[in-house]
Amino acid sequence: MNEPTKTQPRIGVYICHCGTNIAGVVDCKAVAETAAQYPNVVVSRDYKYMCSDPGQALIQQDIKEHKLDRIVVSSCSPLLHEHTFRGACEKGGLNPYCFQMVNIREHDSWVHEKGAAATDKAKDLTRAAVSRVAHHKPLETKTTPIHPDVMIVGGGIAGIQAALTLANAGQHVYLVEREPTIGGYMAKFDKTFPTLDCAACILTPKMSAVGAHPNITLWTYSEVAKVDGFVGNYKVVVKRKPRYIIEDLCVGCNECVTACVFKEGKFEDEFNMGLSKRKPVYMPFPQATPPIVLIDPETCINVKTGKCKKTCVEACGDRQAIDFTQKAEMKEVQVGTIILATGFQPFDAKRIPQYGYGIYPNVYTSLEIERLVNASGPTEGHVVLRDGKTKPKSVGIVHCVGSRDNKTHRWCSRVCCMYSMKLAHLIKHHTDAEVFNFYIDIRAPGKGYEEFYEKLQEEGVHFIRGRVAEVTDWQMSKEEEGKLVIRVEDTLAGFVRRIPVDMVVLAVGLEPHADSQDVRRQFNISCSTEGWFLERHPKLAPVNTFTDGIFIAGACQGPKDIPDTVAQAGAAAAEALSLIKAGSIELEPNTAFVVAEECSGCKTCIPMCPYTAISRDDVKKVAVINEALCKGCGTCVAACPSGAIKQNLFDDDEITSEIEAILAK
Amino acid sequence: METKSNNWEPRIVAFFCNWCTYTAADLAGVSRMKYAPNIRVIRLMCSGRLDPQYVMMAFAKGADGVLIGGCHPGDCHYVEGNYKTLRRVTLLERMLHDLGLEKERFRLEWISASEGDKVKKVVNEMVEQVRALGPLDMPGRFADWDKEMEELEAHVNHSQKEIPAHVH
Amino acid sequence: MSTKPKIGFYWCASCGGCEESVVDLAEDVLMVVGAVDIVFWPCAMDFKKADVEAMPDKSIVATLLNGAIRSSEQEEMAHLLRRKSQVLIAYGSCAHTGGVPGLANQFTREQIMKYVYEDAPTMVNDKKTRPQTHFKEDGRETELPQLRNVVRALDQVVDVDYYIPGCPPTPKLLKDAVLALLSGKLPPKGSVLAPNIAVCQQCKRNDSKPQDISLTEFKRPHQIIADPEKCLLAQGLPCLGPATRGGCDAVCIQGNMPCTGCFGPVDNVHDHGAKILSYLASTAAGKEQKDITKTLAGIPDPVGTFYRYGLAKCVLRGKVS
Amino acid sequence: MAIKQTIKYDSERDKSFPQEIMSRPGCEKLYGCIQCGTCSATCPVSTYMDYTPRQLMALTRAGFKKEALGSLTIWLCASCYACTVECPKEIKITDIMYALKRQAIQEGIYPKRFPIPVLAREFYNMVRSKGRVTENFLAVMMFLKSNPIAAIKTWKLGLNLMRTGRFAYKLDSMKQPAKMATLLDKADTGWKGGAR
Amino acid sequence: MKFSYFPGCSLKGSGRAYEESLLPVLSALGVELEELDDWNCCGATAYMAVSDAAGYVLAARNLALAEQKKQDLVAPCSGCYLVLNKCQHYAAEYPDVATRVQETLKRDNLTYKGTTKVRHPLDILVNDIGLDAIKKRVTNPLKGFKIAPYYGCQIIRPYATFDDQHNPVTMDKLFKALGAEVVTYPLKTRCCGGSLTGTVTEVGQNMSYILLREAMRRGANVLATTCPLCQFNLDAYQGDISSDYHESVKMPIVYFTQLMGLAFGLPAEKIGLQRCIVPMDLKPAAALAK
């Protein structure tokens, strides 16, 4: 290895064109020529693609030929290619940290107009890096072991798929689900588009596989309470809410449900979107996983008052699975990686009062219709109006409810066009009603999706291109009497229409969970402005987050349909698996350390550290940093009143030389 | 102060935290948002790494403005580094004001990784505000201040004829 | 002719405390006087500028110059003594970092003149007479020194070899410096002749400081009766000990007063005030802007507090007019 | 029945027109229109319009100035702001309507003797000279300049108003109405899309 | 409580019943309205069609007069309320508008800063005075009144300053407090036709007809309005509408303030009820009892 010398560094500078991405705005040749004049620069070149193999080879060759001991590459964001170029330095025989990257693409050519100002900026940034890199010291890369267990948060189809993939690969998985059963929204669907296969038929085998898998610890009715640690070594505390049922003893016979003092269901059944009633003790649905009942503390008389005959306990008999003394339980587990698959929540249709949801009884949300058309649903598959008997003769399906609207959500929810068509087909199939789809644009860009659209058109479903302005019950003519009237412009015909229907279906969009901000804070990841979990890179790292070891899958990252969700869940599982199989991960060596001779023991630094990495050596009366715990934020370095704390890669001399050089003219 | 040359352009040094604001600036790039080219970003892992000395030094070395970008409160990648930033910046703002710097020259903004448009907005706004104030040019001011010493230095060092040591 | 090393003392913009500190050597002063030949010390002995001018260049082994450089005369003497001395030592805070006189850099010369000669409550000067640098009467002409626009530390005017910090320096530091001079065992040029470690290291109250003090209120010394055993910072007093070079044996703190920073920063620090600010703000509690603002309002004058002795060496050098 | 060619050629576009309209306060978001038709469907007057509001947005942003300014739509807009409130892209359609009306008046493209632009002008003039408006005088002025015969039909209405004491027999005015004209002219001078 | 008061042209003309009922009702609740000295036309929507800049200046001049008094400005007419508010919004949002307004008003030695709040009487009644205080003042509960509360467009669009934009309920709450029955009226924010009724009569009357018919169908015996133009359109043309649509349309149209005055026991002629072209039955409960 070329040992960097303190006295006379030999620096190589490389200016990347990135095709025309940089060179189209910045005069790369001029930057390279100017950089050749900077102190200690031995070689300065510009090249079309520095990240390409020949580009990297160029660096390696120069290191040997010109005995370079420091490298600067001005190209794209270090968040993208720092790793690549450090690797190139290492292959060239140089310590990878004797390298500095300059971002002249994202921070320059892509955000500025072509001209002298952009080129000057590239020169300034490169000069600063040259000045800084001279202070870089060779560093040892540190690694940390990866605990092989994985935690998956969310038991919808994404969580289920990821859990099975990992468990089948031999990893132990903790699957945590907030609801009493796994299955998520997919379990509520009747059919899936565009193939129209039955959702339960494809989902429930997977659910039972999860329930039975020896490698999966399934915790339903549970929530993550606390997350500590870092990649490879997370400590997660899970709160298991009391379901007042001893899981191991319950066999799901439902005898307690039958025996409950409530003879009929009285409370809104969550699974059926409130279209039917359940008792305080209930099983969410027949295929619930785990297949056991629970007692809802909000509605159970015994839990609330203690004054109940407890017919359920009696019915359970010797099994003694009911335990009213159950309390919330905290479980702490150690895992190396975490996959978040917390999904979405449907848009609340009441936020758009002009569509009449909650005002007119026969306005439904799409999820209610999913339950209505389902043979195991509240009406056993009969599509009827709220009165429970009338078959609708005409149905209007309103697309984009809570989507593509600046006042609610700007995004396209991606699944509504397709599921609206699916529901149109099913409603028509069940009732032979005249079905209208009111859409802004039909978005059917998946395999077999456009063909499905075509099929629907052939079935005689109406497609009216226009966003519905209002669903109302005031009338203009006889035919409108007793109906809901949809006011819409038929934009393709070019005039406004009033269309009377019996039933309105609001195709509600997808939105982030109300508590997504709390969840992401808990796991220390970012959200997009809209509230979806933010991926590390939209194209190149779609399931990674900015926090190592935490992955995202499914609709928590953005609206997506089942095929995409399953694919992404597999990808997240693969990413976790690749860490586990590697056994360890390299850490940035940007940790801080105390120069004991300069430390006065003033203790300013100690409370600065959120990871309790700093302690006081009571014998020497100086601060000591545990490098294994240090994450390299540098807050203690900034606080140290003596400048006795140094930080690798972000030390005072490195940063101050950068400041000076960035401003030098 | 008078503008020294007509084509003066403000120079703004920015310190962005790696996880939120630097990433947001990357996003602005990926989204091809156009903003003023007067800003030079220095990447720190956390805004909590910002030593107030850096701000002072940037001004002393010729910056016309200094921008700090960090994660929103509660969002710090390092749990609460940004609260430390806020405490330091609060006091620093006051001190810089007492040292005669206009408040528009120093700015702290919380910009999350998804707020590329906020990078654009903040940079453009700040460049315009600083442009309206004119150059700070501390190096130039120091040179002006020290001009008063030139004459005397020349006088002492040249008028007195040299008396070599050890003549006696 | 004596062969003892020739030593000079000079006094620029300072309070005189530094001169006093030489006398504070007590009986050791005799050791010093015995070991050296004092060739220039206007405060104590009758030498004139002309005497110095007459000396050969570099004939003084060491000059200890105290005080900041405020006037053209002081500046001229700094140049002259630099020329005549082999070693020039900035003695005391004012020469070292500008000292208390450096706080004048928060004002323009005109503001100061106006205040002193017109607005000060004790001033009666109806004609608004100001000192002149050139004065002529009865055919005689007098040149008077000019007040400079800014106050400077000694090394902002001439090259300085060593610094002895303190307001004033402690006798021990002076004695050690003289002994080092005499023995020729001097550290590298530019060194501060005091330990490169902060006051806390020598402070007897160090152990009493809790690890996390998260202050919600800063207090000023007159507002509390400080516990004489406990860390003053932990009691809410902005003690600058953590950020100030030690070597003083924490004398102020021993006197139950917080450190005000006279020894200047340690070697790693570029800007003393900014570093003080950083650690003091770090000890404040609060996550909401209004709470933080309220806590930090307990430091009413950041510049005066953090640069009490070092405004001239602040990287911004004072108020930007 | 006469058959008319309806194809539009690119030469019929005024390419600067959309930019011109968008430069007016409130009109900047025109290009964001996704042609969803919410404006038309929510509009209580669209039943009578020759182009629906959505079509008008399309015409305007494509540069079909003649068609846009000559449409009845802009004059039938009752300023109820339903479209502006409902537009999912937050386009202030009502304000765009106003901008088009102003442009039409200035370029004299509006239908002659059509009562609405006449009312607008008469309103403008009455305020300019008196600082205030007296409704029945204004109505008379409008009818005289648009359709004097229609005025006759309103005799019953006039009687009703007189009977209930809601008829003004004299023009209301500010104390110094003269300063209004100078003020308003000053406001308009050099203003983008201003009346002078 | 004291406010500046901007009557606008209509409240001095065909809508004088609004002013006649507003002033005594507010005064009964301890609110004093001080008419702006030498106010001018707000600009109204007609103005926007000719010159927006001049329209903003017209509105801003009134606002500047209120600013001088350091009082919030009450604008009972929906048109005035909208235009004054819009001026505030645009001056805040578009620096060009603000500059133009300020520069122009300088000629009149006036300054416009945008510090005055424009208030609607309904807002003051429900939010400042409160329903409880109003209830206490009721001496003659409105028994038998089935009111269709009609808000019209411009007090809630485009700026919903004190009520929900899609389903405003301020008047609903107010009438219930007066002891009346409120009918569900889905057209409560649909446009009455505005100035179209006077210009393109068939269009405007059709719009009014839809409103009147639906109110009748919903069983209302009176329709309450907040705007002089709405009142005029709905009240004055019922005869024409009846003959044009071959349908007997008869619905008294009153201001919400008139209903309040009635509930407060003020004499009908003191609150302008005689100015209704379609007269209102003052004792519908008695009629029902028969």
Side-chain angles (χ1 to χ4, degrees), chain A residues 347-363 365 386 396 398 400-409 438 466-489 494-504 506 508-509, chain E residues 89 93 146-153 156-173 182-193 196 202-220 223 230 234 241 244-247 249 251:
Chain A
F347 175 78
D348 175 10
K350 286 189 180 142
R351 284 177 61 192
I352 307 184
Q354 21 335 0
Y355 288 168
Y357 184 73
I359 301 169
Y360 306 120
N362 291 322
V363 178
T365 68
R386 253 339 137 177
V398 179
C400 298
V401 178
S403 306
R404 302 187 68 191
D405 176 359
N406 288 7
K407 284 184 289 278
T408 54
H409 299 315
F438 301 96
R467 185 174 172 276
V468 170
E470 193 181 17
V471 175
T472 182
D473 69 345
W474 58 272
Q475 30 180 299
M476 289 291 287
S477 60
K478 260 261 171 303
E479 54 175 12
E480 293 178 0
E481 225 163 283
K483 302 253 184 183
L484 293 167
V485 177
I486 287 171
R487 287 171 64 211
V488 65
E489 179 180 14
F495 43 71
V496 176
R497 292 173 64 181
R498 290 174 60 91
I499 300 177
V501 294
D502 296 317
M503 175 189 256
V504 171
L506 301 180
V508 291
Chain E
H89 275 89
E93 208 175 320
K146 291 178 159 187
I147 309 174
Y150 176 63
Y151 297 78
C153 333
I156 42 136
R157 281 194 306 258
Y159 310 111
T161 40
F162 64 91
D163 205 340
D164 184 84
Q165 197 151 43
H166 292 99
N167 183 27
V169 290
T170 316
M171 266 201 286
D172 301 47
K173 287 193 275 187
V182 179
V183 304
T184 308
Y185 189 51
L187 298 179
K188 53 166 79 162
T189 67
R190 188 186 160 92
C191 177
C192 69
L196 290 173
E202 65 274 30
V203 173
Q205 286 185 1
N206 177 264
M207 294 167 76
S208 296
Y209 166 60
I210 290 171
L211 296 180
L212 292 166
R213 192 184 52 175
E214 194 66 23
M216 286 167 70
R217 184 179 286 153
R218 302 264 166 180
L223 185 145
C230 299
L234 294 172
I241 289 171
D244 286 358
Y245 291 92
H246 312 293
E247 194 178 325
V249 171
M251 173 66 61

Assess whether atom NZ of A/K350 is packed by more than 12 heavy atoms of other residues, nucleotides or ligands within 6.0 Å.
-> no
Point-to-point distance, once rounded to the nearest 0.5 Å, from CZ of E/R190 to CD of A/E470 = 8.0 Å
Residues of residues 182-189 of chain E with a heavy atom under 4.5 Å from any heavy atom of chain A, in residue-number order, are E/P186, E/L187
Can you pull out the residues in residues 209-219 of chain E with any heavy atom less than 4.5 Å from chain A?
-> E/I210, E/R213, E/E214, E/R217, E/R218
